[in-house]
Amino acid sequence: MNVEEKATREETEMMISEMIRHNFDRFIDVASVESVYGKPVQKDDALIIPTAEIMSGMGFGTGFGENPQGDGGKRAQNGGGGGGGGRVVARPVATIIADRDGVRVEPVIDKTKITIAGLAACSLLGFMLLRLLRHIS
Amino acid sequence: MPLVKLETRKGQAVRHGDSELVPRARALTVQLPGPRGVFVWNRPAGLEVRNAGESYYLRVRDKTRATVSIMVFGTAALLAVLATGKRRCLKKTSPV
């Protein structure tokens, strides 16, 4: 690898790590209090604060390699690559209501999620029961 | 930064009448060395309510997660019972 190629590679590595660091910091910023508590909303005498749960994840991978022999021994080859991905999921958890009666927390119940979980559990149990009954009879 | 970090953070206080509400959030951060990856789970923990010199804490409960967890653990327990019952039945019916 000549000096110019080495410099380009170092520059690319630095650029990638800087980009990764920037995205990392943005993902870690999700861990702040402000990201799970929404902006307070004033409605008549009541103050409403929505809350949510946030899950975020990301991963990166890079690699560089070189073949000093090159293709058929003519010229040295080197290259690199990288990839990454991430996801952020937010889900409402509860609503905080402060009014004349005081402060209370009203939960947000995701009926769809509970129904799906219930159906899956019932199906699994039904399947196992059927298998057991078949063995008994 | 440590590999796994669990911390409770206090947010900015919100005033409503005589009350002051201080939100708290709990965050779990898992960071792979490298940096290669990061996972952040941030959820509301509760609310500190200060009113006329008194203060109390209100927990923010995730009822959806609690219900789904009960279903999952209940199903797992029932499946374990069924599997044990099945094994016993097979032992009884199998020729010695």
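A note on names: the letters A, B, ... follow the listed sequences, proteins ahead of strands, and every chain is numbered from 1.
Using a 4.5 Å cut-off between heavy atoms, B/Val60 contacts chain A through both its backbone and its side chain. Using a 4.5 Å cut-off between heavy atoms, A/Ala90 makes no contact with chain B at all. With a 4.5 Å cut-off on non-hydrogen atoms, B/Arg9 touches chain A through its backbone and its side chain both. Residue B/Arg26: no heavy atom, backbone or side chain, is found under 4.5 Å from chain A. Looking at B/Leu28, neither its backbone nor its side chain comes within 4.5 Å of chain A, counting heavy atoms on both sides. Proximity to chain A (any heavy atom under 4.5 Å) is restricted, for B/Ala45, to the backbone atoms N, CA, C and O. With a 4.5 Å cut-off on non-hydrogen atoms, A/Gln42 touches chain B through its side chain but not through its backbone.
Closest approach of B/Pro44 to A/Ala52, counting heavy atoms only: CD-O, 3.3 Å. When all heavy atoms of B/Gly46 and A/Tyr37 are compared, the closest pair comes out as O-OH, 2.9 Å. Minimum interatomic distance between A/Glu34 and B/Gln12 (heavy atoms only, all atoms of both residues): OE2-N, 4.3 Å. For the residue pair B/Trp41 and A/Glu53, the shortest heavy atom distance occurs at NE1-OE2, 2.9 Å. Across all non-hydrogen atoms, the minimal contact from A/Met128 to B/Leu79 is CG-CD2, 3.1 Å. Residues A/Ser32 and B/Asn42 come closest through the heavy atom pair O-ND2, 2.8 Å.
Looking at B/Thr64, its side chain does come within 3.5 Å of a backbone N or O of A/Val108 through a donor-acceptor pair.
In the hydrophobic clustering of this structure, B/Val72 does not group with A/Leu124; members are Ile, Leu, Val, Met, Phe, Trp, Tyr whose side-chain heavy atoms approach within less than 4.5 Å, directly or through other members. Under the 4.5 Å side-chain heavy-atom criterion for ILVMFWY residues, no single connected hydrophobic cluster contains both A/Ile97 and B/Val49. By the criterion of side-chain heavy atoms lying less than 4.5 angstrom apart, applied directly or through intervening Ile, Leu, Val, Met, Phe, Trp or Tyr residues, A/Val105 is grouped together with A/Val103 in one hydrophobic cluster. Both A/Val36 and B/Leu58 are assigned to one and the same hydrophobic cluster, defined by single-linkage of ILVMFWY side chains at heavy-atom distances under 4.5 Å. Both B/Val4 and B/Leu6 sit in one connected hydrophobic cluster of ILVMFWY residues. Membership requires side-chain heavy atoms under 4.5 Å apart, directly or through other members.
Ranked by heavy-atom pairs under 4.5 Å with chain B, the first of A/Asp45, A/Ile116, A/Leu125 is A/Leu125. In terms of heavy-atom pairs under 4.5 angstrom with chain A, the leader among B/Ala83, B/Gly74, B/Ser19, B/Pro23 is B/Pro23. Ranking A/Ala117, A/Ser35, A/Ala94 against chain B, the residue ahead of the rest is A/Ala117, based on heavy-atom pairs under 4.5 Å. Note on A/Gly84, A/Pro107, A/Gly102: by heavy-atom pairs under 4.5 Å with chain B, the leading option is A/Pro107. With chain B as partner, the option from A/Thr51, A/Leu129, A/Ile109, A/Ile114 having the largest number of non-hydrogen pairs under 4.5 angstrom is A/Ile114.
Open room surrounds CD on A/Glu11; 12 or fewer heavy atoms of other groups in view lie less than 6.0 Å from it. Other residues, nucleotides and ligands contribute over 12 non-hydrogen atoms within 6.0 Å of the CD atom of B/Glu7. The environment of CZ in B/Arg59 is sparse: at most 12 heavy-atom neighbours from other residues, nucleotides or ligands sit within 6.0 Å. Around OH of B/Tyr56, the count of heavy atoms belonging to other residues, nucleotides or ligands within 6.0 Å exceeds 12.
Between A/Arg131 and B/Leu82, the closest side-chain pair of non-hydrogen atoms is not below 4.5 Å. At least one side-chain heavy atom of B/Asp62 sits less than 4.5 Å from a side-chain heavy atom of A/Arg91.
Take A/Pro40 and apply the side chain to side chain contact (heavy atoms under 4.5 Å, CB included) test, not counting sequence neighbours, and it matches A/Leu47, A/Ile49, B/Val14.
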